Colleague: 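Before we start, here is the structure in question, set down as structure tokens.
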Amino acid sequence: MAKPSQAELAQFFALYQQKLVEFTLQAYAETGGHYAALSAVTRRQQALQDVAEFSAALSNATIDHAGIERAVQATYPRWPCCKTS
């Protein structure tokens with residue numbers, strides 16, 4: 001099977017963006033943690049942003065490992081992978 005092109009991936013993510021946001025919101029609900037403290041409006045905005053970033057990373061075949069590490073560190077400062085000292 002041929003790999004989808006960047007344009008095909010972008011089209012897929014655009015077509016299914018709302019469903020991906022719904023899945024992300026469901027994941028937030030099941031995860032709890034800092035997501036539970038967010039208002040519904042802020043949670044939806046975060047889901048839209050996360051879906052956009054995730055979609056872009058997959059479309060471009062790039063993953064921002066440093067960005068993921070910063071997000072984990074900001075949320076879980078004692079997480080072993082992110083110790084700064």
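None of the values given here were measured: they were computed from a predicted structure. Residue numbers count from 1 along this sequence.
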Colleague: Between Phe12 and Glu8, is any pair of side-chain heavy atoms under 4.5 Å apart?
Modeller: no

Colleague: Going by heavy atoms in the side chains, are Thr31 and Tyr28 under 4.5 Å from each other?
Modeller: no

Colleague: Scan side-chain atoms only and decide if Gln26 and Glu22 contain a donor-acceptor pair under the 3.5 Å cut-off.
Modeller: no

Colleague: Decide yes or no for Gln17 and Leu48: does some side-chain heavy atom of the first lie under 4.5 Å from some side-chain heavy atom of the second?
Modeller: yes

Colleague: For the atom pair OH (Tyr35) and CD (Glu30), what is the distance rounded to the nearest 0.5 Å?
Modeller: 13.0 Å

Colleague: Atom CD in Gln46, atom CG in Leu25: separation rounded to 0.5 Å?
Modeller: 10.0 Å

Colleague: Classify the ring geometry between Phe54 and Phe13 as parallel (under 30°), tilted (30 to 60°) or perpendicular (over 60°).
Modeller: perpendicular

Colleague: Do you know the tightest heavy-atom contact between Val21 and Arg44?
Modeller: CG1-NH1, 3.4 Å

Colleague: Mind listing the closest non-hydrogen atom pair of Ala10 and Ser59 along with its distance?
Modeller: N-OG, 3.8 Å

Colleague: Would Val51 and Val41 show up in the same hydrophobic cluster when neighbours are defined by side-chain heavy atoms closer than 4.5 Å?
Modeller: no

